[in-house]
Amino acid sequence: MKSIAVLGLGQFGYQVAIGLTQKGFEVMALDNDVETVTEIKDMVSQAIILDTTDEKAMRSVNIDKVDIAIVAIGSNVQSSLLTTALVQRMEISKIYVRVINSLQESILKSMGITNIISIEKEMGIQVANTLSSDGVGRYISISDRHSIMEVSVPKGFVGKTLKELNIRSHYRINIIGIKTMFPYVKDDGELEFDIQMNDILEPNYCLGKDDVLIIAGADDKLSKFIRIGELHD
């Protein structure tokens with residue numbers, strides 16, 4: 001089991017710490033705010049009240065022994081950079097750092113930090129992609145030029161098999177999964193959907209109108225596929 005230290009328990013760090021714990025990781029959550037640490041202590045492996053810029057204090061709780069460090073400090077850029085420098089000095093194998101502006105990002109890159117998390121940037125991209133087309137759902141950027149996204153099946157594709165469409169060859173993207181939504185009526189009369197995920201795709205699978213494609217590829221190819229889908233609609 002990998003051990004992870006989450007340094008900074010603002011809204012982002014708090015949710016990351018809880019989420020990783022729920023996925024089975026051993027999570028050490030650190031912050032200098034007593035109330036926040038007290039609130040999270042029963043939801044993570046270990047919660048510690050600590051100044052993450054204090055090297056002696058950090059070493060006293062064996063931060064240098066964790067597999068991954070996530071510097072989740074938000075508004076205090078100076079504290080974030082000092083904390084990052086400390087975990088670098090401790091030679092932790094993987095370090096992830098949240099940034100809030102381009103200057104901080106530039107400094108981190110000059111320090112050799114490659115795993116940089118920009119919540120505002122990622123959310124901005126996701127919202128833009130979602131709003132730009134009615135058929136686009138969740139979106140994840142996996143590099144500067146590649147993404148994974150959910151798209152509704154274009155009307156012109158409904159009733160056709162994956163073999164017939166040959167999407168990988170024609171559009172230069174990969175379908176990595178298909179979600180199928182099965183509608184049902186609850187006891188109170190409200191309509192709900194049971195979502196089933198298919199990640200083993202058979203060539204003869206026939207696309208339905210309630211299917212959602214999970215596609216991956218270069219951003220320009222994904223955009224082209226979405227535009228073609230809109231034309232089919």
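No hydrogens, no waters, no symmetry mates; every other heavy atom, side chains included, goes into these values.
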Quiz: residues 1-20 side-chain donor-acceptor pairs under 3.5 angstrom, not counting sequence neighbours:
residue : atom : partner : partner atom : Å
S3      : OG   : D67     : N            : 3.2
S3      : OG   : D67     : OD2          : 3.4
Y14     : OH   : E39     : OE2          : 3.0

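The main-chain N or O of K160 is never found under 3.5 Å from a side-chain atom of E164 such that the two would form a donor-acceptor pair. Looking at Q88, its side chain never comes within 3.5 Å of a backbone N or O of G112 through a donor-acceptor pair. Listed for the N62 side chain is no donor-acceptor partner under 3.5 Å among the backbone atoms of K65.
Residues L162 and E202 have side chains not in contact (no heavy-atom distance under 4.5 Å, counting atoms from C-beta outward). A 4.5 Å side-chain heavy-atom check between M43 and T21 finds every atom pair outside the cut-off. Between I175 and I215, the closest side-chain pair of non-hydrogen atoms falls below 4.5 Å. Using a 4.5 Å cut-off on side-chain heavy atoms (C-beta onward), V87 and M58 make contact. Between T52 and L82 there is no side-chain heavy-atom pair separated by less than 4.5 Å.
Relative ring orientation between F225 and F157 is described as tilted, the plane-to-plane angle lying within the 30° to 60° band.
Taking CG from D54 and CG from L50, the interatomic distance works out to 7.0 Å, rounded to the nearest 0.5 Å. Here N76 contributes atom CG and T53 contributes atom OG1; the two are 8.5 Å apart, rounded to the nearest 0.5 Å. The OG1 atom of T83 sits 11.0 Å away from atom CD1 of I95, with the distance rounded to the nearest 0.5 Å.
In terms of the salt bridge (Lys or Arg N to Asp or Glu O under 4.0 Å) criterion, R168 has no residue partners (sequence neighbours excluded). In this structure, N32 has no side-chain hydrogen bond (donor to acceptor under 3.5 Å, both in side chains) partners at least two apart in sequence or on a different chain. Qualifying side-chain contact (heavy atoms from CB on, under 4.5 Å) partners for I176, counting only residues two or more places apart in sequence or in other chains: I148, N174, I214, A216. For R172, the salt bridge (Lys or Arg N to Asp or Glu O under 4.0 Å) test picks out no residue, with sequence neighbours left out.
Side-chain contact check for D219 and S147: at least one donor-acceptor pair (N or O, by modelled atom type) lies under 3.5 Å.
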Show your reasoning for whether side-chain contact (heavy atoms from CB on, under 4.5 Å) applies to Q104 and L81.
-> CA-CA 8 Å; Q104 183 185 7; L81 292 173; 4.2 Å; yes
Check against side-chain contact (heavy atoms from CB on, under 4.5 Å), I63 and L86 = CA-CA 10 Å; I63 292 294; L86 281 182; over 6 Å; no
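Remark: of the listed residues D211, N198, T161, D211 is the sole one forming a side-chain hydrogen bond (donor to acceptor under 3.5 Å, both in side chains) with Y205.
The side chain to side chain donor-acceptor pair (under 3.5 Å) contacts involving residues 40-49 comprise nothing, where partners must be two or more places apart or lie in separate chains.
Nearest approach of R98 to S80, heavy atoms of both residues: O-OG, 4.1 Å. For the pair G177 and L201, the tightest heavy-atom approach, listed with the atom from each and the gap, is N-CD1, 4.2 Å.
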